There are 2 protein chains.
Amino acid sequence: MSLPHAILTALLERPSSSGLDLTRRFDRSIGYFWSATHQQIYRELGRLEAEGHIRALPAEQPARGQKKAYEVLPAGRAELARWTAAAQDPKPHRDALLLRLRAAAVVGTAGLDADLRRHLELHRRQLAEYREIEQRDFPAGADSAQARLQHLVLRAGIELETFWTQWLTEALAELPVVDGEPG
Amino acid sequence: MSLPHAILTALLERPSSSGLDLTRRFDRSIGYFWSATHQQIYRELGRLEAEGHIRALPAEQPARGQKKAYEVLPAGRAELARWTAAAQDPKPHRDALLLRLRAAAVVGTAGLDADLRRHLELHRRQLAEYREIEQRDFPAGADSAQARLQHLVLRAGIELETFWTQWLTEALAELPVVDGEPG
DNA sequence: CCGATCATGTAACTCGTTACATGATTAT
DNA sequence: ATAATCATGTAACGAGTTACATGATCGG
């Protein structure tokens, strides 16, 4: 149950955003570690409004096709603070790439290298993007408490992408030696 | 669509496993990077059998409560090989812990440290477990192609857990300075 | 016999995904 | 006008989760 809290966070970071505004920010920013489609976001905005956690800003529009901006209500901010401090078990991992390598150990690695190279390239691009954001938004020097936390989260992204580029490079180096169908 | 392929891999690694055998191995081993509950596994075993990818070993038992062992059929092995080599886009990330820190940047970090310490301890234990497995199953020396791939996957787990323990330590070091509700 | 546990399954629900529908606004 | 795109939704489905049901086996 994290999507409503992701939306509350995004709405507090930028009040009076619309569904589409939020959708765009779930393609970057917040979306780097919690993705969501516009269908999910509209559904969840409806629920959050029904629960009294957010409200649509008054604008007497007949809805469909018209922009609709929201703001977080005190109850929504309280719920987000509660959730942030609450104990939560880490979700079990699911990584299709690691699973594929384990499968390749059984059925062979034929044809696998092309997609590994593609993934390596994707991770390199993501890493470059994170580093640009870091230089733009977190230049060296005095930071507010808020900025330090945001920078910490960004560094997690940078270090994870760094890991994946290194690991994929290593995997590709091991692959050709192993090539060909066994059995 | 990775669960059926995770099951095919597990079944090829150890043929004539039952649903419960598989369930137990999805709590470790394969489950370290693709978790699944017994309900998911039984449902998927039914589908894989209906598709002709696996078959129940003959044992004339009336099913309910009786052990039922499966083996992978040639069509299942072919499907696994196809899936392993096929291009697949990486799934968008979802990390509740990073989301919580981003939320904490907005609503404050009060009460967050306890759960961060708990997560740190969990990651330390997981790392220790991976290192034990490495020493037990991959001692230094000549490896088969299969063992080298399996070791590569395990090293990914080790390096990811290493990252999280370091990052959480850093996060906890930054936290107290920031403490208290803003606003 | 009886409870614990092994083993297989059903049912109901939520979350996420994919495809499609509909109205409003803007540029040509 | 009309095509593109902005903006908000509906519908159907599949994967994953939680709670429960049922039969078999084994130790006391």
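Since the model is a prediction, treat every value here as computed from it, not as a measurement.
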Establish, with yes or no, whether the OP1 or OP2 oxygen of D:dG9 is under 4.0 angstrom from a side-chain nitrogen or oxygen of A:Lys68. yes
Is A:Tyr42 close enough to D:dG9 that one of its side-chain N or O atoms is under 4.0 Å from OP1 or OP2 there? no
[N] [atom2] sits how many Å from [X] [atom1], rounded?
{"X": "A:Lys67", "N": "D:dT5", "atom1": "NZ", "atom2": "C1'", "result": "13 Å"}
{"X": "A:Leu20", "N": "C:dT25", "atom1": "CG", "atom2": "P", "result": "15 Å"}
{"X": "B:Phe26", "N": "C:dT8", "atom1": "CZ", "atom2": "P", "result": "14 Å"}
{"X": "A:Leu22", "N": "D:dA7", "atom1": "CG", "atom2": "P", "result": "12 Å"}
{"X": "B:His38", "N": "C:dC6", "atom1": "NE2", "atom2": "P", "result": "13 Å"}
{"X": "A:Gln66", "N": "C:dT26", "atom1": "CD", "atom2": "P", "result": "10 Å"}
{"X": "A:Asp27", "N": "D:dC6", "atom1": "CG", "atom2": "P", "result": "13 Å"}
{"X": "A:Leu48", "N": "D:dT8", "atom1": "CG", "atom2": "P", "result": "15 Å"}

I'd like to check [X] versus [Y] (side-chain heavy atoms, cut-off strictly below 4.5 Å). Are they in contact?
{"X": "B:Arg102", "Y": "A:Leu149", "result": "no"}
{"X": "A:Tyr70", "Y": "A:Leu57", "result": "no"}
{"X": "B:Ser2", "Y": "B:Trp83", "result": "yes"}

Below 30° counts as parallel, above 60° as perpendicular, anything between as tilted: where do the rings of A:Phe138 and A:His151 land? parallel
Check the orientation of B:Trp167 and B:Trp164. Use parallel for under 30°, tilted for 30 to 60°, and perpendicular for over 60°. perpendicular
Looking for any heavy atom pair under 4.0 Å, which part of the strands does A:Ser18 touch: base, sugar-phosphate only, or nothing? sugar-phosphate
Could you write out each protein N or O paired with an N or O of nucleotides 14-18 of chain C at a distance under 3.5 Å?
residue, atom, partner, partner atom, Å
C:dC15, OP2, A:Arg47, NH1, 3.0
C:dG16, OP2, A:Gln40, NE2, 2.8
C:dG16, O5', A:Gln40, NE2, 3.2
C:dG16, N7, A:Arg43, NH2, 2.5
C:dT17, OP2, A:Gln40, OE1, 3.4
C:dT17, OP2, B:Arg94, NH2, 3.4

B:Thr23: what forms a side chain to side chain contact (heavy atoms under 4.5 Å, CB included) with it, not counting sequence neighbours? B:Leu20, B:His38, B:Ile41
Mind checking whether B:Phe33 and A:His93 have ring centres under 6.0 Å apart? no
